[in-house]
There are 2 protein chains.
Amino acid sequence: MADTDRSPFTPGRPRGPELRYGNRPTMKDVAARAGVGLKTVSRVVNSEPGVTPDTERRVQEAIESLGFRRNDSARVLRKGRTASIGLVLEDLADPFYGALSRAVEEVARAHGTLLINGSSAEDPDREQELALALCARRVDGLIVIPAGDDHRYLEPEIRAGIATVFVDRPAGRIDADTVLSDSFGGARAGVAHLIAHGHRRIGFIGDRPRIHTAVERLRGYRTAMADEGLAVSDSWVSLGTTAPERVRAAMLEMLTGPEPVTAVFAGNNRVTVTVVRVLAEQPRRVALVGFDDIELADLLGITVIAQDSAALGRTAAEQLFRRLDGVEEKPVRVALRTMLIPRGSGEIPPS
Amino acid sequence: MADTDRSPFTPGRPRGPELRYGNRPTMKDVAARAGVGLKTVSRVVNSEPGVTPDTERRVQEAIESLGFRRNDSARVLRKGRTASIGLVLEDLADPFYGALSRAVEEVARAHGTLLINGSSAEDPDREQELALALCARRVDGLIVIPAGDDHRYLEPEIRAGIATVFVDRPAGRIDADTVLSDSFGGARAGVAHLIAHGHRRIGFIGDRPRIHTAVERLRGYRTAMADEGLAVSDSWVSLGTTAPERVRAAMLEMLTGPEPVTAVFAGNNRVTVTVVRVLAEQPRRVALVGFDDIELADLLGITVIAQDSAALGRTAAEQLFRRLDGVEEKPVRVALRTMLIPRGSGEIPPS
DNA sequence: CATTCACCTGACAACGTTGTCCAGGCTCTA
DNA sequence: TAGAGCCTGGACAACGTTGTCAGGTGAATG
């Protein structure tokens, strides 16, 4: 036989996982060290009244010397509130969403709440996976920038009390609080601006038709054209991914087709960026108005329909906390104004 | 007396909080509904082997009909691992950090881990508050973009087993894994580039001297100048916040001082943006190289020292997971290369 | 037919915290 | 000096989950 019993497998005592948080001290350890009861430590940690200054000092010392930090998981389990909210967005690397997320974070912070955000990468399945993961963590509330168009999967969660606000795009097939920019009005104003500068053949390049804002902006485009009695050729309209190659191809086609456009309306910031690049290579000057403002657009002279992403985030977060504070009302739907900022590219005359 | 006893206050039965997650069903409820034991539900939820297909189906039905979702807080408490990591950065609205965060998120996702990130807003106290809050949530690991220069407050946490990696800037007063860009080498190369194009009076505008990268880039600047035997006038160097007003003032002073500069090196993306704006207003053409690439910089012809923020994030995250997988080695220090991208502004001759 | 064995299933404790309740010591008043 | 009332501190259960272990059933084997 090998050697003596090195693994004292005591059947009566169930063993936990190998390493628990690297064996961090618990309140029990602190209590033992300070020579007080468990609950007294809890009181000190939570600044509850009813502890003598002397006792408090002893406990504090024990906390310091052991490097104790309260385990919030246990706290959450007991208290039923996590003091955290979730944000599901499309892509944190997109400055538009970065600013939105940051605004939400600030509101959350003001409410003593932690923000957890994740990127859906425009994939509806991933959106769902992420949203449900956040629900499993029992976030108190959820802000969602939809990638998909069916959010019935959230119904049990909402019924179970997870406050939910949709932002930038409306929820699909459920009724919920929503905060949007006025995509329709913004696009309509932008296209009207181009028409006012003499354009008759105007192109539109937008995001995929599954995306609500893309559809709304297209509707704004069509309405503005119809307002002035202008016909729209199919070859002037392109909806699809915002991948540079596709946008580039669409743009080139509009420029070289049988009825070449003299102006373009770009459906969002990514489209605008690519369009600007393509137009820069063209000998002919083509007018451009883009949805969303872009950094340095002032220097490049790009006329845009600006939406305030920070305001979107802030408004959504405030509505969420209103719900968390117990306000009961029918789902609200807020639309934020957009602003046309003329910088040159939208004022180029037809050629 | 008012009315009959409407509030059956049963002293023997301690009552929990008013509403717990809006009274969500638990495994116990599912078990009761499906007519099975608690542990069997747990097995089904975790796809553990050893459950008859028939039993599994019954449990699944109960889960569906009750809208059950596992409470991850309880799970974490029991298992000791949260399957989440924390990222403390400066400002999510800055595209540089947005891209970095996104890269970390992708790596985390590949490891089945959730990312929680928060902005320190360049405030050391807030950085600490945030990092410790994440530790209290028992994240498995932590990635920190330092705002402060003293991270000894993390020592107990690291000892307790929270893997920690610093990125973009080194840790202060503790020894830990670090992933940086080669700020010194990048700045040196950028300034050398300007010198090679004939400039002798070159300005430097950087971030606050508390920021390590700012200091390193300044050192690169000074070294490049010294390499060519060029003296540096104090009036050419400005370190401070990246607030547009300050940068603007500094830039104007360099342009109008007794020894006006013919070129500038901008210490980071925010500085570059402001400098570009100021230079656009000047009659004289002034050369510019900026640290960090910027969207649309190609169209504006801005020469930059590009660092790959996504690679920074990815590398840091991979190192973190290496630690979480139990790799024990001395703290590593990785420096990623930077790349000079000439686009015009850096090739303007002195005037 | 008895026995072994594999496989399923469920009872129970434990994770670390907080809410409830009670005990004991103290002060203050009659 | 006794009684009432207040303040501090601690024992204990419970939050919802998972690891351990034992019981129970049915099939396969001798």
Side-chain angles (χ1 to χ4, degrees), chain A residues 9-32 34-56 58-59 66 68-83 136-138 160, chain B residues 9-32 34-56 58-59 66 68-83 136-138 160:
Chain A
F9 188 81
T10 330
R13 179 187 162 278
R15 298 162 315 154
E18 274 305 303
L19 262 185
R20 306 190 56 78
Y21 315 119
N23 286 325
R24 295 201 70 141
T26 70
M27 283 196 180
K28 209 164 149 189
D29 301 322
V30 174
V36 302
L38 182 54
K39 184 63 217 229
T40 301
V41 177
S42 173
R43 276 196 266 267
V44 171
V45 169
N46 294 291
S47 317
E48 284 174 27
V51 180
T52 337
D54 181 56
T55 309
E56 172 162 5
R58 286 215 318 284
V59 171
L66 290 174
F68 166 79
R69 188 163 309 285
R70 179 178 63 197
N71 185 328
D72 271 353
S73 293
R75 171 167 226 253
V76 159
L77 178 59
R78 186 62 233 251
K79 301 206 76 156
R81 283 259 159 163
T82 57
R137 305 235 159 185
R138 296 292 189 273
Chain B
F9 189 82
T10 329
R13 180 188 162 278
R15 297 161 314 151
E18 272 307 303
L19 262 184
R20 307 189 54 79
Y21 315 118
N23 287 325
R24 294 202 69 141
T26 70
M27 283 194 180
K28 209 165 150 187
D29 302 320
V30 175
V36 302
L38 181 55
K39 182 64 215 224
T40 301
V41 177
S42 172
R43 277 196 265 266
V44 171
V45 169
N46 294 290
S47 317
E48 284 174 29
V51 180
T52 333
D54 181 57
T55 311
E56 172 161 5
R58 284 214 321 284
V59 172
L66 291 175
F68 166 80
R69 189 163 307 286
R70 179 177 63 197
N71 185 329
D72 270 353
S73 292
R75 171 168 227 254
V76 158
L77 178 59
R78 185 64 234 250
K79 300 206 76 155
R81 282 261 159 160
T82 57
R137 305 236 159 186
R138 296 294 188 272

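Chain letters run A, B, ... following the sequence lines, proteins first and then strands; every chain starts at 1.
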Scanning both residues in full, the closest heavy-atom pair of Lys28(A) with Leu38(A) reads N-CD1, 3.6 Å

According to a strict under-4.0 Å criterion, is Thr55(B) in side-chain N/O contact with OP1 or OP2 of dT9(C)? yes

For the helix from dC1(C)-dG30(D) to dA30(C)-dT1(D), what angle lies between the axis at the first five pairs and the axis at the last five pairs, to 10 degrees? 50°

Could you run down nucleotides 23-28 of chain D 5' to 3' and tag each one B, S or - for protein heavy-atom contact under 4.0 Å? ------

Of Gly50(B) and Phe68(A), the one whose closest DNA chain C nucleotide lies more 5': Gly50(B)

Arg78(B) atom CZ is separated from dC15(C) atom C1', nearest whole Å, by 6 Å

Set of residues satisfying salt bridge (Lys or Arg N to Asp or Glu O under 4.0 Å) with respect to Arg69(B), sequence neighbours excluded: Glu157(A)

Find the distance Arg75(B):CZ to dA14(C):P and express it as a whole number of Å. 21 Å

Is the distance from OP1 or OP2 of dC15(D) to the nearest side-chain N or O of Ser73(B) less than 4.0 Å? no

Base, sugar-phosphate or nothing for Asn46(B)? Non-hydrogen atoms, less than 4.0 Å. sugar-phosphate

dC15(D) P sits how many Å from Asn71(B) CG, rounded? 12 Å

Output all residues satisfying side chain to side chain contact (heavy atoms under 4.5 Å, CB included) with Ala34(B), sequence neighbours left out; order by chain, then residue number. Val36(B), Val59(B), Ala62(B)

Distance check needed: dT18(C) C1' versus Glu48(A) CD, whole Å only. 8 Å

In terms of heavy-atom contacts, Leu66(A) and Pro25(A) come closest through O-CG, 3.4 Å

Do Arg137(A) and Thr82(A) come close enough that some side-chain heavy atom pair is under 4.5 Å? no

Could you check Arg24(B) against Asn71(B) for side chain to side chain contact (heavy atoms under 4.5 Å, CB included), going step by step and ending with a plain yes or no? CA-CA 9 Å; Arg24(B) 294 202 69 141; Asn71(B) 185 329; over 6 Å; no

Which residues, if any, of residues 38-45 of chain B bring a heavy atom under 4.0 Å of DNA chain C? Lys39(B), Thr40(B), Arg43(B)

Name all residues meeting the salt bridge (Lys or Arg N to Asp or Glu O under 4.0 Å) criterion together with Arg58(A); count only those two or more places apart in sequence or in a different chain, and write none if there are none. Asp54(A)

Closest contact, heavy atoms only, Val76(B) versus Ser73(A): CG1-OG, 3.0 Å

dG19(D), OP1 or OP2 - any side-chain N/O from Lys79(B) closer than 4.0 Å? yes

What is the distance, rounded to the nearest whole Å, between atom CG of Asp72(A) and atom C1' of dT17(C)? 10 Å

Please report the distance, rounded to the nearest Å, between CG in Leu77(B) and P in dA13(C). 17 Å

Find the distance between NZ (Lys39(B)) and CE (Met27(B)) and round it off to the nearest 0.5 Å. 8.5 Å

Is the shortest heavy-atom distance from the side chain of Thr26(A) to the side chain of Asp29(A) under 4.5 Å? yes

Say you draw a straight line from CG of Asp72(A) to CZ of Arg78(A); how long is it, rounded to the nearest 0.5 Å? 15.5 Å

Between CZ of Arg69(B) and P of dT17(D) the distance, given in whole Å, is 12 Å

Ignoring hydrogens and geometry, is there a side-chain-to-backbone donor-acceptor pair from Asn46(B) to Glu48(B) under 3.5 Å? no

When the distance from CE of Met27(B) to P of dG19(D) is rounded to whole Å, what number comes out? 10 Å

